[in-house]
Protein chains: 2
Amino acid sequence: MRRAPQPLLLDLVFAALSDATRRGLLSRLIEGESTVGTLAEPLQMSLPAVSKHLRVLEDAGLLKRRIEGRTHYITANPKPLREAVNWIERHRQMWEGSFDRLAALMEQPPPEPPAKESSKPKKP
Amino acid sequence: MRRAPQPLLLDLVFAALSDATRRGLLSRLIEGESTVGTLAEPLQMSLPAVSKHLRVLEDAGLLKRRIEGRTHYITANPKPLREAVNWIERHRQMWEGSFDRLAALMEQPPPEPPAKESSKPKKP
DNA sequence: GTCTCGTTTAACCATTTGGTTAAATATTGT
DNA sequence: ACAATATTTAACCAAATGGTTAAACGAGAC
């Protein structure tokens, strides 16, 4: 089944984040790659339910899936969160009238997320 | 570490932000207080529809309403956005492997935005 | 082959969402 | 008192959401 047209990506991201179960899944993915079954195991709901939640997150671009044999390996993908947080920060800071934290966010525009082993850019 | 879930409000905030019409309303409120009718006017939908959207935003704590006579004056309330952006930043930065901007976010709980020419508030 | 495993799809159900129009409410103006 | 204004509430509808169970699919194991 193909997806319907395209609702704005921001719509999908915020909608995906609006469910505590899905936020919980994302939280657990901080610890690294996992599988559908592993993710479902502690949750008190059926496997198809978890599968659906993962699909919502995937449609929002918040996770990537690597299928290997019969196992689906899931990892979090932070990229769409950038846009979401930018929207929020833009508004929050205009309302709060303090722009310096917005500036801090803005100073990282280059889309360069290559390193798996990350060099942590330290602030001098 | 496991953060005890604080589910309800975050659910409401993210759900409220997941609709482009509502985000548009919030954007327009950057320019200051407005009324229901004024907010509804450019939108191609009925007044009750706008009223419902405003209620969703209000339930999420994202706006405040000052009733004066028969007119409802609406202003944006950025406070709940703090929690939302904290959630996102916490996760985004863990996935992206850079923690310093998270630290920057975390170290500003007191509502004290004094200097316009700002340095980062230092914690010695 | 057959069986089990990991996962999705299908079909269904109840609730919520986003919209409508019509009516109600409350306030202001004449 | 009456009418106009600003907004909400009520009633309804279609579609989306979040869950279920049962069936299907694809890959390893025996």
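Computed from heavy atoms alone, side chains included, the values below leave out hydrogens, waters and symmetry copies. Each chain gets a letter, A, B and so on, in the order its sequence line appears, and its residues count up from 1.
You'll find that the side chain of A/P48 is closest to C/dT9, out of D/dA6, C/dT9, C/dT7. Among the nucleotides D/dG19, C/dG18, C/dA10, the one closest to the side chain of B/H53 is C/dG18. For A/D19, counting side-chain heavy atoms from C-beta on, the closest listed nucleotide (D/dG18, C/dT28, D/dT8) is D/dG18.
Residue order along DNA chain D, read from the 5' end via each residue's closest nucleotide, puts A/Q44 first among A/E68 and A/Q44. Closest-nucleotide positions on DNA chain D for A/R22 and B/T71 were compared, and the one nearer the 5' end corresponds to B/T71. Comparing A/I74 and B/G69 against DNA chain C, the residue whose closest nucleotide sits nearer the 5' end is A/I74.
Separating the CG atom of B/D11 from the C1' atom of C/dT16 is a distance of 13 Å, rounded to the nearest angstrom. Following rounding to the nearest Å, B/L39 (CG) and D/dA6 (P) show an atom-to-atom distance of 14 Å. As a whole-Å value, the separation of B/L54 CG from D/dT9 C1' is 15 Å. Atoms CZ (A/R66) and C1' (C/dT7) sit 15 Å apart, rounded to a whole Å. Straight-line distance from the CZ atom of A/R55 to the P atom of C/dA10: 10 Å, rounded to whole Å. Put simply, CE on A/M45 is 8 Å from C1' on D/dG18, counting in whole angstrom units. Rounded to a whole Å, the CG atom of B/L47 is 14 Å from the C1' atom of C/dA24. For A/L43 and D/dT20, the CG to P distance is 11 Å, given to the nearest whole Å.
Residues A/R28 and A/L39 approach most closely at NH1-O, 2.7 Å, considering heavy atoms.
The pair A/D19-A/R23 does not meet the salt-bridge criterion, since no charged nitrogen lies less than 4.0 angstrom from a carboxylate oxygen. Salt bridge present: A/R66 and A/E33 bring a charged side-chain N and a carboxylate O closer than 4.0 Å.
Of the side-chain N and O atoms in A/S51, none sit less than 4.0 angstrom from OP1 or OP2 of C/dT7. Residue B/S46 has a polar side-chain atom (N or O) positioned under 4.0 Å from OP1 or OP2 of C/dT20. OP1 or OP2 of D/dT8 sits under 4.0 Å from a side-chain N or O of B/H72.
Residues B/V36 and B/L29 fall within the same hydrophobic cluster, defined by Ile, Leu, Val, Met, Phe, Trp and Tyr side chains chained together at heavy-atom separations under 4.5 Å. Transitive grouping of hydrophobic side chains (ILVMFWY, heavy atoms separated by less than 4.5 Å) brings B/V13 and B/W87 into a common cluster.
For B/R70 against D/dT5, a side-chain N or O and a base N or O form a donor-acceptor pair under 3.5 Å.
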